[in-house]
Amino acid sequence: MTEKLIFELSSPGRKGYSLPQLDCPPKGVEKILPKEFLRENRAELPEVSENDCVRHFTRLSVLNHHIDKGFYPLGSCTMKYNPKLNEQLARLPGFAELHPLQSEEQVQGALELMYHLGEYLSEIAGMDKVTLQPAAGAHGELTALLMIRTYHKKNGNPRSKVVIPDSAHGTNPASVSLAGYRTVQIRSNEQGLIDLWELEKNMDEEVAAFMLTNPNTLGLFETNILKVAEIVHSVGAKFYMDGANLNALLGYASPGEMGFDIVHFNFHKTFSTPHGGGGPGGGALGVKEEMVPFLPVPTVEKREDRGEFHLDYERPDSIGKVHSFYGHFGVMVRAFAYIRSLGGEGLREVAKNAIINANYLKEPLKEFYDLPYDATCMHEFVLSGNRQKSLGVRTLDIAKRLLDYGFHAPTIYFPLIVPEALMIEPTESESKEILDAFIEAMKKIAEETKTNPEIVKSAPQQTPVGRLDEAKAAKELNVRWSKQRF
Ligand SMILES: *Cc1c(COP(=O)(O)O)cnc(C)c1O
């Protein structure tokens with residue numbers, strides 16, 4: 001079923017809510033706003049009752065697939081349950097109604113929360129200090145590379161290139177370019193891990209940093225991580241961890257112990273803050289001592305003598321500001337609540353169950369789909385739709401068909417080193433029944449590709465909107481309502 005636009009539900013004169021009669025003389029609005037900013041005609045807003053309006057948006061809210069509606073195994077994105085408790089805490093008036101221009105004395109509670117969140121993240125990642133400012137993972141990467149550039153420049157040479165593996169996420173090379181570096185990509189070995197020989201060959205004194213996701217984007221732990229760190233540091237380069245997959249390590253292993261100098265956290269992945277829909281994210285960054293002077297301003301500090309919190313702008317080597325005010329504060333409240341409500345043991349359970357769930361899906365599915373890198377995985381794994389492609393059904397078709405079975409698709413066509421990739425991440429917060437149902441659906445689709453490939457290729461049939469002409473949607477997108485068209 002599709003839903004009409006709210007403008008089409010409109011009926012002239014219908015009201016959702018009426019304000020009482022004005023009981024004082026109306027002040028000329030022209031005196032408050034300059035005339036050039038005033039409308040000449042009334043805004044053409046939909047006229048609907050409150051019921052019409054609420055029902056319209058309630059119906060709309062379940063047309064799309066989302067995490068509160070069903071399983072969302074989008075690999076690398078960690079689409080997990082967003083605890084409603086955290087939403088409630090973020091909406092407490094003491095947090096939600098703060099103004100960013102209030103004085104430090106008036107926002108001690110907010111500063112305290114940020115200070116402690118930084119401490120928790122430092123402990124989780126084995127880092128010395130944290131900035132909470134970056135707005136998402138990609139922004140954290142850029143911030144880190146700007147810090148690395150400043151660090152090397154201070155030592156006489158900003159250096160010219162950054163090395164990444166061929167399994168890296170697309171934001172890595174993009175951040176490298178934005179920071180004014182050239183990307184050097186190295187090939188992974190047959191196990192899907194860093195090839196030490198390839199790495200060594202490409203490391204020299206012009207390399208500013210090596211960026212690595214661990215566990216990597218195949219969901220595999222880099223078993224030679226200490227050796228990798230040694231090679232990177234031997235030429236004076238910095239070792240950066242893309243922390244998108246940190247949920248697989250929580251409480252078991254820390255990037256600091258692996259030799260990383262900087263790591264970003266994705267609050268909307270590891271720490272369960274809402275994800276997608278263009279809403280705010282959080283890409284905090286943890287750094288080792290040597291990189292602390294370059295952190296963006298301001299940092300949140302505690303005066304040990306008086307127990308007060310303040311913002312420190314007096315940091316001469318800082319790269320400057322990377323976000324207005326504090327960063328996305330509401331997201332920090334949610335991440336803080338998540339960490340506090342789970343505690344150390346709870347976070348360990350998160351990692352453990354995420355790993356168990358991924359392996360629970362991987363084992364039966366590898367019978368029906370190719371698994372190019374067959375090893376015990378961490379929190380996710382990557383299948384290939386090669387076998388199905390030989391029957392004329394592509395990974396994109398499989399992804400669309402899953403929608404008919406009530407599941408969101410996995411991440412597809414990433415990482416690039418797996419042809420027809422299907423990257424599956426269940427997360428810790430799904431039950432055995434859900435995982436079993438997903439396995440069943442994937443099995444059925446594998447069968448359909450043999451017995452009735454057309455049904456897979458023309459999927460989805462059960463969704464309000466079927467397959468779109470994607471080229472047209474990208475090039476001739478017109479989603480603006482105009483009265484003339486209706
Ligand atoms: C999600 C992701 C990023 C980018 O993070 P955003 O928070 O989406 O900007 C970088 N690397 C990997 C491996 C990711 O999965």
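For reference, positions follow the sequence shown, starting with 1. Order of appearance sets the numbers: ligands from 1, and atoms from 1 within every ligand. Basis for what follows: all heavy atoms, side chains included, without hydrogens, waters or symmetry-related copies.
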Residues Lys400 and Glu470 bridged, charged N to O under 4.0 Å: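 Here Lys400 pairs with Glu470 in a salt bridge, since their nearest N and O are under 4.0 Å apart.
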
Under the side-chain contact (heavy atoms from CB on, under 4.5 Å) rule, collect the residues that match up with Ala421, sequence neighbours excluded.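 Checked Ala421 against side-chain contact (heavy atoms from CB on, under 4.5 Å); matches are Val382, Val418.
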
Taking only residues two or more places apart in sequence or in another chain, which ones pass side-chain contact (heavy atoms from CB on, under 4.5 Å) with Arg91?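 side-chain contact (heavy atoms from CB on, under 4.5 Å) list for Arg91, sorted by chain: Glu87, Arg334.
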
Locate the shortest heavy-atom distance separating Gln102 from Tyr326; write the atom from each residue and the value.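 Reported closest heavy-atom pair: O-OH, 4.3 Å.
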
Locate the shortest heavy-atom distance separating Val176 from Met211; write the atom from each residue and the value.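 Heavy-atom minimum between the residues: CG2-SD, 3.7 Å.
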
Pairs in or reaching into residues 174-219: which pass ring-ring contact (aromatic ring centres under 6.0 Å, His included), with residues at least two apart or in two chains?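 As it turns out, the ring-ring contact (aromatic ring centres under 6.0 Å, His included) pairs with a partner in residues 174-219, which skip direct neighbours, are Phe210-Phe239.
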
Run through all N or O atoms in ligand 1 and write down each protein N or O closer than 3.5 Å, as a pair with its distance.
unit_1, atom_1, unit_2, atom_2, d
ligand 1, 5 (O), Asn266, ND2, 3.1
ligand 1, 7 (O), Gly137, N, 2.7
ligand 1, 7 (O), Asn266, ND2, 2.9
ligand 1, 7 (O), His268, NE2, 2.6
ligand 1, 9 (O), Gly137, N, 3.3
ligand 1, 9 (O), Ala138, N, 2.8
ligand 1, 11 (N), Asp242, OD1, 3.3
ligand 1, 11 (N), Asp242, OD2, 2.5
ligand 1, 15 (O), Ser76, O, 3.2
ligand 1, 15 (O), Ser76, OG, 2.5
ligand 1, 15 (O), Lys269, NZ, 2.8

